[in-house]
Amino acid sequence: MDVMGVPERSRTARVRLRLAAWWEANARDLPWRFGRATPWGILVSEVMSQQTQMSRVVPYWTAWMERWPDAAALAAAPKSDVIGAWGRLGYPRRALRLQECARVVAGACGDELPRTYDALVALPGVGDYTASAVMSFAYGERIAVVDTNIRRVLSRVFAGEESRGGAASAAERALAAAVLPGDDGSDGAGSDDDDDVPRDVSRDSGDVPHDVSRDGSRIPSVMWNQSVMELGALVCTAKNPLCGHCPVRDDCAFLAAGRPGLGERRTRPRQRFRGTDRQVRGIVLDALRGLPAASEQSAGRASVLERATVETLWKDHAQLDRCVASLDEDGLIEILPGGAIRLPR
DNA sequence: TTCCAGAACG
DNA sequence: CGTTCAGGAA
C-alpha cells in the first residue's frame with residue numbers, strides 16, 4: 001500500500017521507466033512535437049485541443065500556423081478570417097479568445113509568450129491546464145499537468161479507482177505532484193531548477209536516447225507528463241482501456257483490483273446536442289463562414305446574411321433569435337439594423 | 001450511443 | 001460548485 005496517498009517508491013519508479021520506454025516507441029508524431037513548434041505554436045495546439053480530438057486538430061493547426069506563424073500575425077488578422085479559419089473545430093469562442101491572447105502577447109508581452117505559469121494563466125482563453133501544459137511542453141519546466149486523461153491514468157494506476165467527474169480534486173493534484181519525476185526529496189533531480197531539461201525541450205521528449213537513473217527520477221518531467229497523457233489517449237481510455245497492452249499493467253492498482261466501476265459515469269449526463277442552442281449557433285456561424293471572407297471581398301460588398309435568409313436556418317425563431325443574440329454577445333457575429341448579420345471585422 | 005489535451009462565468 | 005459552449009467519429 002501507500003502512505004498518505006504517496007505511492008510506494010519502487011512502484012512509482014517502475015511506472016516511470018516503463019512509461020518512458022513506451023513513450024519513445026509509441027508517441028504519436030504530432031506536428032507540434034519533437035522540436036518542430038515554437039512556444040506560441042504549442043499554445044495554439046493546446047487551445048485547439050481543448051475538448052477536441054487531436055486527429056481533428058492536426059490539419060487545422062497546420063494551416064493556421066502557416067497562415068499566422070506568430071502572435072503578432074494573428075493579432076493583426078480580421079476577426080472574420082479568424083472565425084473562418086477555425087472552421088468546424090467547435091467552440092468558436094476559443095478562436096476569439098486565442099486572438100485576444102495573441103493581441104496581449106504581441107502588445108504587452110513584446111511578442112514573446114510569457115514564461116511563468118501566473119502570466120500564462122492570466123491570458124485570455126488560458127486556464128490551469130493550458131498554462132501548465134505550455135510550461136511543461138514548451139519550456140520544459142517542472143510542473144504537474146492535470147487534465148482528464150492524466151487524472152484518469154494516475155487515479156487508476158496509483159489509487160486503483162476511477163477519477164471523479166467535475167473539477168480536479170485536491171487529492172488528484174497532490175497525487176500528480178507526488179509522482180512527478182524530480183522532486184520526491186531523495187529523487188536526484190534535486191531542486192526546482194530543471195537544468196537537465198534543455199530549452200529546446202521537444203527534441204528531448206521523444207527522439208533522443210535518455211540517460212535515466214535507475215529509479216526513473218531523472219526522466220524529464222515533460223516526458224512524464226506527455227507520456228501519461230498519451231497513455232490515457234491511446235491505451236488507458238475511459239470506457240475500453242487496452243489493459244492487455246498497457247506498459248504498466250503489472251503495477252496498476254486498478255487492474256489488480258479487478259477494474260472496479262470501469263468507465264463508470266461520474267459526471268452528470270451530457271446535454272444532448274441535437275436541438276440545443278449549440279447546434280443552432282453552429283448552423284448560423286456555418287452559414288456565415290460559407291460567405292466570402294473579409295480578406296477576399298471587393299470593397300463595398302459586405303458578407304452579410306439578410307434577416308430573411310437567417311430565418312430560413314432554423315424553424316424555432318425564438319430559439320434562433322436567442323442564439324443570434326448570444327453569438328453577438330460573444331463577439332462572434334454583428335447584428336446590423338434590420339436584423340441582417342455578418343462576421344465581425 | 002458514446003467519447004473527447006477545458007475555460008469562463010454566475 | 002453548476003452551466004454553457006461544437007462537432008465529428010467510432
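This one's a predicted model, so the numbers in the text were calculated from it and none came from an experiment. Here is how names work: the chains are called A, B, and so on, in the same order as the sequence lines, proteins then strands, and each is numbered from 1. Atoms considered below: every heavy atom in the structure, side chains included; atoms not considered: hydrogens, waters and symmetry mates.
Rounded to the nearest Å, the gap between the P atom of C:dA6 and that of B:dC9 is 15 Å. Here, C:dT3 and B:dA5 have their P atoms 23 Å apart, quoted to the whole Å.
A:S55 has no side-chain polar atom (N or O) that falls below the 4.0 Å cut-off from OP1 or OP2 of C:dG8. Put simply, A:T130 has a side-chain N or O that comes within less than 4.0 Å of OP1 or OP2 on B:dA7.
Looking at which nucleotide of DNA chain B each of A:E230 and A:V126 is closest to, the 5′-most match is held by A:E230. Nearest-nucleotide positions on DNA chain B for A:A233 and A:G125 put A:A233 closer to the 5' end.
Note on A:T148: only backbone sugar-phosphate atoms sit closer than 4.0 angstrom, heavy atoms only; bases stay farther off. Nucleic acid contact class of A:R56 (heavy atoms, under 4.0 Å, all strands): base. Using a 4.0 Å heavy-atom cutoff across all strands shown, A:L30 reaches at least one base atom of the nucleic acid. Here A:D330 lies out of heavy-atom contact (under 4.0 Å) with every strand. Within 4.0 Å (heavy atoms only), A:A238 reaches sugar-phosphate atoms of the nucleic acid but no base atom.
Counting only heavy atoms from C-beta on, A:K239 has its side chain closest to B:dT2 among B:dT2, C:dC5, B:dA5. Distance from the side chain of A:E46 is smallest to B:dA5 among C:dC5, B:dA5, C:dG7. The side chain of A:R88 sits closest to C:dG7 out of C:dG7, B:dA8, B:dA5.
Between A:W86 and A:W64, the ring planes are perpendicular. Angles over 60° get that label, and only those under 30° would be called parallel.
Computed from coordinates, the A:N240 CG to B:dC4 C1' distance equals 14 Å when rounded to whole Å. A:L43 has its CG atom 15 Å from the P atom of B:dG6, to the nearest Å. Atom CG of A:L89 and atom P of B:dA7 are 16 Å apart (whole Å). What separates CZ of A:R94 from P of B:dA7 is a distance of 11 Å, to the nearest Å. Between the CZ atom of A:R281 and the P atom of C:dA6 there is a distance of 4 Å, given to the nearest Å. With rounding to whole Å, A:I42 atom CD1 is found 18 Å from B:dA5 atom P. For the pair A:Y91 OH and C:dA6 P, the interatomic distance rounds to 7 Å; values are reported in whole Å. Rounded to whole Å, the distance from CD1 on A:I83 to C1' on C:dA6 is 14 Å.
With rounding to the nearest 0.5 angstrom, the CG atom of A:D316 is 9.0 Å from the CG atom of A:D321. Rounding to the nearest 0.5 Å gives a distance of 5.0 Å between SG of A:C323 and CD of A:Q319.
Taking only distance into account, the side chain of A:R152 never meets the base of B:dA5 through a donor-acceptor pair shorter than 3.5 Å. Judged by distance alone, with hydrogens and angles left aside, A:Q279 brings no side-chain donor or acceptor close enough to the base of C:dG7 to form a pair under 3.5 Å. The base of B:dG6 lies close enough to the side chain of A:Q51 for a donor and an acceptor atom to sit less than 3.5 Å apart.
Other residues, nucleotides and ligands place more than 12 heavy atoms under 6.0 Å from the NE2 atom of A:H317.
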Only distances under 3.5 Å count here; give the side-chain donor-acceptor pairs of residues 39-48 of chain A to other protein atoms, sequence neighbours excluded, each with its distance to 0.1 Å.
residue, atom, partner, partner atom, Å
A:S45, OG, A:I42, O, 2.7
A:E46, OE1, A:Y129, OH, 2.6

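Between the side chains of A:R94 and A:T52, a donor-acceptor pair is found at a separation under 3.5 Å.
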